[in-house]
Amino acid sequence: MSHDAHTHHAESHSRKTSAHPSTHDGAHHGHAGHGDMAADFKRRFFIALALTVPILLLSPMIQEAIGLGGAWSFPGDLLVLLGLSAAIYGYGGWPFLKGFVSELRDRRPGMMTLVAMAISVAFFYSAAVVIGLDGKLFFWETATLIDLMLLGHWIEMRSVMGASRALEELARLMPADAHRIDADGSVVDIRLSDLKKGDRVLVKSGEKIPADGDATEGESSVNESMLTGESRPVKKTTGDGVIAGSVNGQGSLTVEVKKTGEESYLNQVIDLVKTAQASKSRTQNLADRAALWLTVVALSVGAVTFVAWFIAAGRDLAFSIERAVTVMVVACPHALGLAIPLVVAVSTSAAARRGLLIRNRTAFEQARLLDTMVFDKTGTLTEGRFGVTDILVYDADGEDEVLRLAAGVERGSEHPIAAGILHAAEERGIDAPASKGFTSITGQGVQADIDGRRIRVLSPGAIASAGLSPSDGRVDELGRQGKTVVYLVGGSDDEAELLGALALADVIRPSAREAIERLHAMGIDAVMLTGDRQEVADYVAGELGIDRTIAEVLPDEKSAKIKALQDEGRRVAMTGDGVNDAPALATADVGMAIGAGTDVAIEAADMVLVDSDPRDAVRVIALAKATYRKMIQNLWYAAGYNIVALPLAAGVLAAWGIILSPAVGAVLMSLSTVVVAINARILRVE
C-alpha cells in the first residue's frame, strides 16, 4: 500500500486475520475492513467533489483565469467560500489530518504530512485573507487537492484485495454433517462438530469424507487431488488412511475417525495458510520514499523562504507568506498522489481485459524481481485429466483400430481412463462402435461384445495372470515415465489374443512448453512442485524442459519447499490451482492461481490467471516490469518539476524580476498532474 497509514491498516488487518479462527465470520470480518475503508474514501470523495464546484465558481483567481472578472461576486461571497472550504477541509481532509498526526507520533513524516501541510497552509492562509490579510485566496487549491487525494486513495483501496476468504473456502471443503454408525449398527446423521475419535462413519458414493481416519470396511477410489496433488483417484481398502475433505468415488467406505477439529489434516492446511498470509512481507512503496523527500524539501524550503524574505530581506508579511505559500502550492502532491494509483488502475484494468486479475498490488509490483517460477503440475502444467499419449499395436489393424475397439468397450464406463480413451477417439474423429454386455471385472478391467466378438480392456496385472504380457521394451519405458498402461484383448479366455495397448497420462497443456521457453528467455528458472509420483513428474518435466522437479510432497512440504527456495536467496512465484497449493501460494513472494482451480487457491493467491494458461504467468511478470517502469517515470514527472519550480517559487530570481506567482505555480502543478495522467494511460501491456 502506498502510504504509511495504509500500511498500518494492512498490518492491523493481518493481525486480525491471524487471530481469527477459521470461521466464516472471521474471514468475512477481514474483508469488511478493506471494504469499509474503500467505501469511506469513495463517500468522502463524492461529497468533496460536490462542494468543490461552488468553491471553484466563487474563487476570484478562477474567475479571473476564465475571464469573468468577478461577474459571480455578491455580498458575503467570500464568507460563503470560507464556509464551503472549511467543510471540505474538515470532512474531506480528515483522513489526511488524522494520518498526519499518526506520522508525527511515529516520527515517520511522509505523504500524509505533506498533504496535511499543503491543505492546511492553503486553507488557513486563505482564511486569513478573508478576515483581512492582504493576499490571494487558495481555497480552490485546498479543495482540488483534497479531491484528487481522496480519489487516489479510493483507487488504491479498491486494488487492495485481502486473502482472508481463503480460510472460509477451506472450511467449505468439509461436509456439513456425517453418517455415524452406532454400536447397534444404525446410522445416525450428526453435526461434524459432534464427531469424536473412535467414531465410525459411513461415507457414501460421491460424498466428502468428514474426518481423518482409517477405512475399516468397503472399497473405493478417493479423489484427493485437491488435497495432495495426486492426479489419479487413490484406491482405498480396509486399513488405508483417508483425509477429511477428499471426495469418495463410486464405492462406499466405513471410516474410523482418528483426528477431528484442529488435529485434522485440512485444519493444518488452514493454519499454514493463515501463518503464511500473516507473515507475507510488505515492501515500502516508491511513493512513500518520494513523499518523504518531498515533504522534507517542501517544508524546509517553505520555512527558509518565509524567513529569508520577512526577516533577512525585510519584505512585508503578506509578500513573505505569499512566497512560502507559493512554495507549498508548487509542492502540493497532486501528481504524486496519483502517480502510483493511476498506473495501478490502468495496469489492473488492462490486465483484467487479458484475464489477469491482480488481487495484491504489493506482490504484483514484486513480480518484476522474480528469478524462480514454481508450477504445480496437476491442473496447471497439465489439464488434470487422463489422455492417451501412446498406442501400441500387436495384432490389430493399426492404432485407429486399437483406439476404436477400446472406445467401444469403454462407452459403458465412467472411469477416468474410459473418459481419456473416449476423448482421444473423439479427437481423432473415430466413432466408438456399439457394444453389448458391458461388464466391469473387479480389479482387472472391463469387457463388452463388439461385432459379436468379446473385447476386453485389462490392467497389466490381469494380463500377466493370463500369461499374455508382451515382451516389449516400450511398455517398460512407458512405465518408467509414470504412464498408466492398459491392454486391449480380443476373444474369450481360451482364445485370447493381445491386440494392442494404450498408455495414458495427465494431459500436458499445449501452452505449457511455450510458457517455460518464455521464462527461460527472461532468465527465470522453472521449477515443478507436485504431490504426484516422481516418475510422473520427471516425464512432464522432460517434455517441457523444466529446470528442477520436486515431487511426492504434501501441502506442508510444499510450503516448506517454497521457503527453502527463498532461503537460497531466490525471489519465488508459485502457480497452482488446488487446496494443496494454497499454503505455497501464500508463502511465495508472488502467488498465482489458475482460474479454473478451486476457490481456496484463488483466494490465497495474489493474482488469478482466469484462462488457466501457464503463459499468463509470464505475462504477469512482463506487465509488472512495464508497470514499474511507468511508476518510475510518473514519479519523476510528478516530483521532477519541483527542481525548477521550487526555486522560482521561493524567489531566487526575484532580483532579475522573475517571480513565480501562486497562479503560475498552480498551473505548473496542474500540468504535472496532466502529464502523469496521460503517461499512465499509455501503459502498454504485451
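For the single chain, residues carry numbers from 1 onward in sequence order.
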Taking 4.0 angstrom as the limit, do [X] and [Y] come out as a salt bridge?
{"X": "Arg404", "Y": "Glu401", "answer": "yes"}
{"X": "Arg615", "Y": "Asp613", "answer": "yes"}
{"X": "Lys235", "Y": "Asp240", "answer": "no"}
{"X": "Asp567", "Y": "Lys563", "answer": "yes"}
{"X": "Glu514", "Y": "Arg518", "answer": "yes"}
{"X": "Arg454", "Y": "Asp449", "answer": "yes"}
{"X": "Arg548", "Y": "Asp525", "answer": "no"}

- Query: Just wondering, are more than 12 heavy atoms of other shown residues or ligands nearer than 6.0 Å to CG in Asp431?
  - Reply: no
Please round to the nearest 0.5 Å and tell me the distance separating atom [atom1] of [X] and atom [atom2] of [Y].
{"X": "Thr372", "Y": "Ile524", "atom1": "OG1", "atom2": "CD1", "value": "8.5 Å"}
{"X": "Ile391", "Y": "Leu504", "atom1": "CD1", "atom2": "CG", "value": "9.0 Å"}
{"X": "Ile508", "Y": "Leu544", "atom1": "CD1", "atom2": "CG", "value": "5.0 Å"}
{"X": "Leu585", "Y": "Ile594", "atom1": "CG", "atom2": "CD1", "value": "10.0 Å"}
{"X": "Gln481", "Y": "Asp390", "atom1": "CD", "atom2": "CG", "value": "6.5 Å"}
{"X": "Asn223", "Y": "Lys208", "atom1": "CG", "atom2": "NZ", "value": "11.5 Å"}

N/O donor-acceptor pair under 3.5 Å between [X] side chain and [Y] backbone:
{"X": "Asp212", "Y": "Lys258", "result": "no"}
{"X": "Lys236", "Y": "Ser220", "result": "no"}
{"X": "Ser435", "Y": "Gly408", "result": "yes"}
{"X": "Thr439", "Y": "Gly437", "result": "yes"}
{"X": "Arg200", "Y": "Gly185", "result": "no"}
{"X": "Asp589", "Y": "Val572", "result": "yes"}
{"X": "Glu552", "Y": "Gln534", "result": "yes"}
{"X": "Ser252", "Y": "Val203", "result": "no"}
{"X": "Asp476", "Y": "Gly479", "result": "no"}
{"X": "Asp182", "Y": "Asp184", "result": "no"}

Decide yes or no for [X] and [Y]: does some side-chain heavy atom of the first lie under 4.5 Å from some side-chain heavy atom of the second?
{"X": "Asp616", "Y": "Arg619", "answer": "yes"}
{"X": "Ile621", "Y": "Met373", "answer": "yes"}
{"X": "Ile550", "Y": "Glu557", "answer": "no"}
{"X": "Glu383", "Y": "Pro510", "answer": "yes"}
{"X": "Leu488", "Y": "Val457", "answer": "yes"}
{"X": "Leu392", "Y": "Val485", "answer": "no"}
{"X": "Ile209", "Y": "Ile243", "answer": "no"}
{"X": "Val507", "Y": "Thr382", "answer": "no"}

Worksheet entry | Test side chain to side chain contact (heavy atoms under 4.5 Å, CB included) applied to Val409 and Arg456, step by step | CA-CA 7 Å; Val409 175; Arg456 288 175 286 175; over 6 Å; no
Work out which heavy atom in [X] is nearest to a heavy atom in [Y]; give both atom names and the distance.
{"X": "Leu370", "Y": "Ala573", "answer": "CD1-CB, 3.4 Å"}
{"X": "Thr237", "Y": "Ala215", "answer": "O-CB, 3.4 Å"}
{"X": "Ala537", "Y": "Lys377", "answer": "CA-CD, 4.5 Å"}
{"X": "Leu403", "Y": "Ile421", "answer": "CD1-O, 3.8 Å"}
{"X": "Val446", "Y": "Ser440", "answer": "CG1-CA, 4.1 Å"}
{"X": "Glu410", "Y": "Ala418", "answer": "OE1-CB, 3.2 Å"}

Test log, rule side chain to side chain contact (heavy atoms under 4.5 Å, CB included), inputs Tyr487 and Val475 | CA-CA 10 Å; Tyr487 292 90; Val475 173; 3.2 Å; yes
Exactly one of Thr575, Val590, Leu623 clears side chain to side chain contact (heavy atoms under 4.5 Å, CB included) with Met607, and that residue is Val590
Only one of Lys196, Arg180, His179 passes side chain to side chain contact (heavy atoms under 4.5 Å, CB included) with Ile190, and that residue is Arg180
Go through it in stages, so that I can follow the logic: the residues are Val540 and Asp506, the test is side chain to side chain contact (heavy atoms under 4.5 Å, CB included), and I'd like the CA-CA distance, side-chain angles, deciding distance and then a yes or no.
CA-CA 9 Å; Val540 175; Asp506 196 358; 5.9 Å; no
Note to self: salt bridge (Lys or Arg N to Asp or Glu O under 4.0 Å), that's the test. Do Glu477 and Arg480 meet it? Break it down for me.
What the structure shows: CA-CA 5 Å; Glu477 177 61 27; Arg480 284 192 292 270; 2.8 Å; yes
Go through the steps to decide whether Phe375 and Ile516 satisfy the test side chain to side chain contact (heavy atoms under 4.5 Å, CB included), and finish with yes or no.
CA-CA 10 Å; Phe375 290 100; Ile516 303 303; 3.6 Å; yes
Do Ser559 and Thr587 have side-chain N/O donor and acceptor atoms under 3.5 Å apart?
yes
